[in-house]
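First comes the structure, then the notes that go with it.
Labels below follow one simple rule: chain letters A, B, ... track the order of the sequence lines, proteins then strands, and each chain is numbered from 1. Everything numeric here is computed off the predicted structure, so don't read it as measured data.
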Protein chains: 2
Amino acid sequence: MRSYGQYCSIARALDVVGDRWTLLIVRELLLQDACRFTDLKNGLPGIAPNLLSTRLKELEAAGLITREDAPPPVATVLYRLSEAGLALEPALKALALWGLRFMADERPDDAFRASWLAYAPAWFTTDAEPDAPPAVIQLVASGESAVIELRGGEVQAHPGRATDPDLVLDGSPRAVLGLLNGLIDLETASRLGLSVSGRRELLSRLRPIAQNQPPASDA
Amino acid sequence: MRSYGQYCSIARALDVVGDRWTLLIVRELLLQDACRFTDLKNGLPGIAPNLLSTRLKELEAAGLITREDAPPPVATVLYRLSEAGLALEPALKALALWGLRFMADERPDDAFRASWLAYAPAWFTTDAEPDAPPAVIQLVASGESAVIELRGGEVQAHPGRATDPDLVLDGSPRAVLGLLNGLIDLETASRLGLSVSGRRELLSRLRPIAQNQPPASDA
DNA sequence: CCGGATCCCCAGGGATACTG
DNA sequence: CAGTATCCCTGGGGATCCGG
């Protein structure tokens, strides 16, 4: 990218990560740890392979990622965030939190991935009853699934399926994530086709940190 | 900007503010409050006026800024951040903090502005002796000047000159900001031409929140 | 002088095909 | 699987010009 030519830390940061796709590549590496080229391509629907290739070289040159040869069985290259790349997490989180406000409207053709289903609750919800016993919530949306684990006051989440979840949420990405992020209430989510089965009371334990509700019912 | 087409809050945030210059425009409005077109153009050295015009329209359409007619004496338009625009501050701060690591190297042709001199200490330093009496520090770099005020445990800063500062730092932007941000120590800053006059002990009161020092002397 | 609009040119990005 | 090569086209840089 062409430099902004400004002695300002924001401008210099954008000199490095301001290019198109760059921050999304960092997102993928942050959510998935070490990735092959194809994993990244898969997690970044819409990117052209030449662009991905170019960006990876730029990111390596800037010191944000490292290339390493994978162990023998799979002779391929793995990309991983360096310390400087990992240090972007707070900025990415802040941007993601701000971006929640744009998740309310539907865009049917948007791509969707399980890892994006997982990071939202992990980053933006807290356990309102930290001393309650552990619980497992299964999320399913658009064919992608993720698991939320409530344990010891922590909210963790990762892509995949749970064997015996206490609660299952299944619906459109907008319904599932909108509910978890506090953008819509349960009634609205149900109207959007959300299916809730299991211990519904667990929903009140999952507290979104954002207060982005449209001005409707105020407590 | 072309949408990324991903149902992910980071991607949707970048759909709105991922374009070139957009976040820097937000920076200016965040640092300077209401701005005229010309103020923005001045605070964004290098931007083409048509680009600025285009971005302002896009930002208004996205609901991040508002246009308002200024009071009669100056019949002009003022641009101001909306609530959604102001909500970007945490993300911008996080990005600015991350970007500090790229401020160490010199690029002589970089533009520099007083408001950038001011935001760094205001955002990224704390008063190590919050109960000590108030103090005023004058910063001068590259013809731009800003004032830091230590008072009641708060560190505030704004462009301009103080009438009777307790301490004056004068030098290259890299020397002044590098010292304040903890990127370089006083000795290095002095070698870079930093002039320090007044109550030097105030420097130890100004504590950078970042620990970006190159691996040298560890306490 | 302020607040843009217009024009031309080139670099950066998108899509697809192809190769080691 | 992991990229590279190619082509096309849009978006941005730079200068100049116009209306109020």
Side-chain angles (χ1 to χ4, degrees), chain A residues 1-6 11 14-25 28-29 32 34-62 65-80 109-111, chain B residues 1-6 11 14-25 28-29 32 34-62 65-80 109-111:
Chain A
M1 148 173 287
R2 187 192 176 90
S3 167
Y4 285 108
Q6 301 183 357
L14 291 174
D15 281 348
V16 177
V17 297
D19 265 319
R20 188 160 166 80
W21 290 106
T22 302
L23 277 178
L24 294 186
I25 295 172
E28 285 305 304
L29 289 168
Q32 309 200 24
C35 282
R36 295 173 302 172
F37 188 90
T38 307
D39 299 329
L40 288 169
K41 197 163 165 323
N42 248 306
L44 296 162
I47 197 173
N50 57 350
L51 243 285
L52 178 55
S53 175
T54 302
R55 291 289 177 269
L56 288 172
K57 285 172 194 161
E58 293 168 347
L59 283 169
E60 190 187 2
I65 65 174
T66 58
R67 288 168 56 104
E68 56 188 75
D69 295 326
V74 281
T76 185
V77 177
L78 289 181
Y79 298 92
R80 190 189 301 272
D109 290 343
D110 270 5
Chain B
M1 148 174 287
R2 185 192 177 92
S3 167
Y4 285 106
Q6 301 183 355
L14 291 175
D15 280 347
V16 177
V17 297
D19 265 320
R20 188 162 166 79
W21 290 106
T22 303
L23 277 178
L24 294 185
I25 295 173
E28 285 306 304
L29 289 168
Q32 309 199 24
C35 281
R36 296 173 302 172
F37 187 89
T38 306
D39 298 329
L40 288 170
K41 196 161 165 322
N42 247 305
L44 296 163
I47 196 173
N50 57 348
L51 243 287
L52 178 55
S53 176
T54 302
R55 291 288 177 270
L56 288 171
K57 285 172 193 161
E58 293 167 348
L59 283 170
E60 190 187 3
I65 66 173
T66 59
R67 289 169 55 106
E68 57 188 75
D69 295 326
V74 281
T76 184
V77 177
L78 289 182
Y79 298 93
R80 190 188 302 270
D109 290 343
D110 270 6

Between [atom2] on [N] and [atom1] on [X], what's the gap in Å once rounded to a whole number?
X	N	atom1	atom2	value
B/F37	C/dC2	CZ	C1'	9 Å
A/D15	C/dG12	CG	P	13 Å
B/L24	D/dG13	CG	P	11 Å
A/M1	C/dA11	CE	C1'	12 Å
B/L78	C/dC2	CG	C1'	12 Å
B/R20	D/dG14	CZ	C1'	13 Å
B/K41	C/dC1	NZ	P	13 Å
B/L44	D/dG13	CG	C1'	15 Å

Which ones in residues 47-57 of chain B lie close to DNA chain D, meaning a heavy atom under 4.0 Å from one of its atoms?
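Going residue by residue through residues 47-57 of chain B, the ones with a heavy atom under 4.0 Å of DNA chain D turn out to be B/A48, B/N50, B/L51, B/R55.
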Taking all atoms of both residues into account, what is the closest heavy-atom pair of [X] and [Y], and its distance?
X	Y	value
B/Y79	B/L56	CZ-CD1, 3.7 Å
B/E28	B/C35	O-SG, 4.4 Å
B/R55	B/I25	CB-CD1, 3.4 Å

Are OP1 or OP2 of [N] and a side-chain N or O of [X] less than 4.0 angstrom apart?
X	N	result
A/Y79	D/dG3	yes
B/W21	D/dG13	yes
A/T76	D/dC1	no
B/R2	D/dC9	no

I'd like to know if the side chain of [X] and the backbone of [Y] have a donor-acceptor N/O pair within less than 3.5 Å.
X	Y	answer
A/D109	B/G5	no
B/Y4	A/W21	yes
B/R20	A/R2	yes

N-O pairing of A/E60 and A/K57 below 4.0 Å:
no
Nucleotide nearest A/R67 when distance is taken to its side chain, options D/dA2, D/dG3, C/dG13
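For the A/R67 side chain, the nearest candidate turns out to be D/dG3.
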